2 protein chains.
Amino acid sequence: MSRSTSGTPSIRDVARTAGVSVATASRVMAKANYPVAEPTRQKVLEAARSLGFVANALARSLARARTDIIGVVVPVLINPYYAAMVEAIDQAAREHGLTMLLSLTGGDERRREAVIDDLLARRVDGLIVCAGAFDHQKLRSREELGMPAVLIGQQANNGLPIIRTDNRRAGHDAAAYLWGLGHRRFAYLTSLKTWHDFHDRGRGMMEFLAGTGVPYEAEIMDGLFGEADSYARVRQECDWGLRATALIASTDRHALGALAALADAGRSVPGEVSVMGFDDYVTSGFVRPSLTTMQMLAAEMGRRAVEMLKRQLLGKSAPQRPMLQATLVERGSTGPAAG
Amino acid sequence: MSRSTSGTPSIRDVARTAGVSVATASRVMAKANYPVAEPTRQKVLEAARSLGFVANALARSLARARTDIIGVVVPVLINPYYAAMVEAIDQAAREHGLTMLLSLTGGDERRREAVIDDLLARRVDGLIVCAGAFDHQKLRSREELGMPAVLIGQQANNGLPIIRTDNRRAGHDAAAYLWGLGHRRFAYLTSLKTWHDFHDRGRGMMEFLAGTGVPYEAEIMDGLFGEADSYARVRQECDWGLRATALIASTDRHALGALAALADAGRSVPGEVSVMGFDDYVTSGFVRPSLTTMQMLAAEMGRRAVEMLKRQLLGKSAPQRPMLQATLVERGSTGPAAG
DNA sequence: CTGAAAGCGCTTACAG
DNA sequence: CTGAAAGCGCTTACAG
């Protein structure tokens, strides 16, 4: 029994009302430049229009064995770093004729596996997985995945291509900049155990300091997950007698918390202490003092990931491009060390 | 010819290696409590495991005529308001056994239509569309959509159910609070032409002021799209001689820009001028002075939208719940009017 | 409890 | 330039 009377019209309905075969209807609807006689084409188009035909993408994908969808896995969106990355991925995908199917892990490894399973079941054409915390740890290998994939983040993994920013160098540059301003006593606000990026930034900072051959102090303030932790810790350090004159924060979030704590403790920034972050949120330019930060190119990473994935989909080789470099954005929260 | 040797194994392969029919294989894989003899079930499970079978969701959706996917349309993610909303939708959807398919419009009406077409073609089970600027304007009607949908945002539209926050009341409350502090000269930082929410907040504010029966001043500073615009405008007003002692900003973004401008112009906050925002970003508690704001429950709106959509999918009636109310979060940027 | 078969809505060699 | 038919990988009455 025909189903043309109920629900969405199918290509069969279009074919029937246009008086052509399903094959022909399919060709004019889906293959822009397949040779079809002009009058025939018009009849089909008109039939489709009048019926309000919307081709079923599921059926199409099933028949063609491809979906033109790329699965994108990120920890969260509330962090502007990921938000910017995802927006860039979405736009780049669109430009390549692909649709983004986004999945959130909340930073949880089990959930990451679950969402990847889901993406695989939906037969996405490829995958972009962003590291969050230890997210790439134990990620299944290229073979287990069985489809093109690119990673964004810090850790190399199983031979999957990866886009990353040189966090070590960024940490190095941050410390070098502050050093040049005369600072010799540093503190690093971070959460080392969870985020590789933070670890590498700290390492770069330490390497720079050790390499100067000049005496310095460097303290790690660990276990800080956001503004609130950072605020509490710096506040406490101020009470106890903060030694550092230069605070390097793992992200702008941490830096913003520190800035608030210093203000509340009556320490002048950058008069008494300088503060630097990483990421460069929009907000960072609009706090007072404004925040000096290492700008990480989240959007650019997203774009490159799509580009690299697209090359894989086309069967081209994906040349491993060099790491991205962070840029120092100098603002009001840093200044010469006192004395 | 069998295709079991290449690519992903299908249910046919599972059936064959388990020595059962495709129907039985399908039942054990997809229908948890369909009665199947235990030994048979085990054979199928084992076959699936050994083959690494992952059921094709496209085929399943096609056969069942439902996808368990809900399409979600938002303007952007970089704004924490939408980021929070989307995260809440994603989680709520997951809890209801649904997958979120997110599409970004960038606030562009044409692109919104395009992404909705795409979602329709993918046969999502339902739609959640968030207003951004004039986004619900000219949105196709319930009939044209031909599927369950719920709107989030300000404007009612074509009889589609809608989740919203009482922006007028929020604006009213903001003004009332400042009025109670003794302020009589107000300014509203906004972008009226594009965002209905902003319009309603301003209207609520004006209605309150007009209702007091006491002389007051109120100026609209229009055409402001973010921190930078807001900063520039307030900076300029300070040069020209700012009259208002109470600045109400359409969003925390606008408020943050204003705060920076006042700081740079040497005006004390809240000593000389009080500033209030809407939204309550995480950041807003960590600027100094910290920002008093009307907290909009973005996550709650997202959750309710999913819930309401789910009811529609189940064919239940969706009782129109009352509007959400914003909550005033009192912080350091507001204080008694001088004099 | 199990299987044969039709159907979901497309696409695409293959043959005219 | 056009059509008949097989196939994509599932699900699900229907009949045993």
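All values derive from a computational prediction rather than experimental measurement. Residue numbers begin at 1 in each chain, while the letters A, B, ... track the order of the sequences.
Side-chain atoms of B/Thr40 and B/Val28, non-hydrogen and from C-beta on, never get closer than 4.5 Å to each other. Side-chain contact between B/Leu98 and B/Leu313 is present, with heavy atoms from C-beta onward closer than 4.5 Å.
For B/Gln91 and B/Glu87, the side-chain atoms include no donor-acceptor pair closer than 3.5 Å.
Taking 4.0 angstrom as the limit, A/Arg60 places a side-chain polar atom (N or O) nearer than this to OP1 or OP2 of C/dT11.
Atom P of nucleotide C/dC10 and atom CZ of A/Arg66 are separated by 18 Å, given to the nearest angstrom. Here the P atom of nucleotide D/dA4 and the CD1 atom of A/Ile11 are 15 Å apart, to the nearest Å. Taking atom CG of residue B/Leu58 and atom P of nucleotide D/dT11, one finds them 12 Å apart after rounding to whole Å. Rounded to a whole Å, the CG atom of A/Leu62 is 14 Å from the P atom of D/dG7. Residue A/Arg123 contributes atom CZ, which lies 7 Å from atom P of D/dC10 at whole-angstrom precision. Separating the CZ atom of B/Arg12 from the C1' atom of C/dA4 is a distance of 13 Å, rounded to the nearest angstrom.
Going from the P atom of D/dG9 to that of D/dA13 covers 23 Å, rounded to whole Å. Between C/dC14 and C/dC10, the two P atoms lie 24 Å apart (nearest whole Å). Using P as the reference atom, D/dA6 and D/dT2 are 23 Å apart when rounded to the nearest Å.
Within residues 28-44 of chain B, the residues having any heavy atom under 4.0 Å from DNA chain C are, by residue number, B/Tyr34, B/Pro35, B/Val36, B/Ala37, B/Thr40.
Ion pairing of A/Arg41 with A/Glu38 is present here, as a side-chain N (NZ or NE/NH1/NH2) and a carboxylate O approach within less than 4.0 Å. Looking at B/Arg304 and B/Glu300, a side-chain N of the basic residue comes within less than 4.0 Å of a carboxylate O on the acidic one, giving a salt bridge. Using a cut-off of 4.0 Å between Lys/Arg side-chain N and Asp/Glu carboxylate O, A/Asp117 and A/Arg140 are scored as salt-bridged. The pair A/Lys43-A/Glu46 does not count as a salt bridge, with every side-chain nitrogen at least 4.0 angstrom from each carboxylate oxygen.
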* To do: Dot-bracket for DNA chain D, please, read 5' to 3', with Watson-Crick or G-U wobble pairs under 3.5 Å on both distances, ( ) within the strand, [ ] crossing, | other strand, . unpaired.
  => |||.||||||||.|||
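Minimum interatomic distance between A/Ala93 and A/Ile70 (heavy atoms only, all atoms of both residues): CB-CD1, 3.9 Å.
Here D/dC14 is the nucleotide among D/dC14, D/dT2, C/dC10 with the atom lying nearest to any side-chain atom of B/Arg27. Nearest to the side-chain atoms of A/Arg64 among the listed nucleotides C/dT11, C/dC10, D/dC10 stands C/dT11. You'll find that the side chain of B/Ser21 is closest to C/dA4, out of C/dC10, C/dA4, D/dG3. Nearest nucleotide to the A/Ala63 side chain, out of D/dA5, C/dG7, D/dG7: D/dG7.
Across all strands shown, B/Val22 has heavy atoms under 4.0 Å from base atoms, whether or not it also approaches the sugar-phosphate. Within the 4.0 angstrom heavy-atom criterion, base atoms lie near A/Ser26. Using a 4.0 Å heavy-atom cutoff across all strands shown, B/Ala57 reaches no nucleic acid atom at all.
In this structure, A/Arg60 CZ and A/Thr67 OG1 are separated by 11.5 Å, a value rounded to the nearest 0.5 Å.
Partners of A/Arg122 under the salt bridge (Lys or Arg N to Asp or Glu O under 4.0 Å) rule, at least two apart in sequence or in another chain, are A/Asp118.
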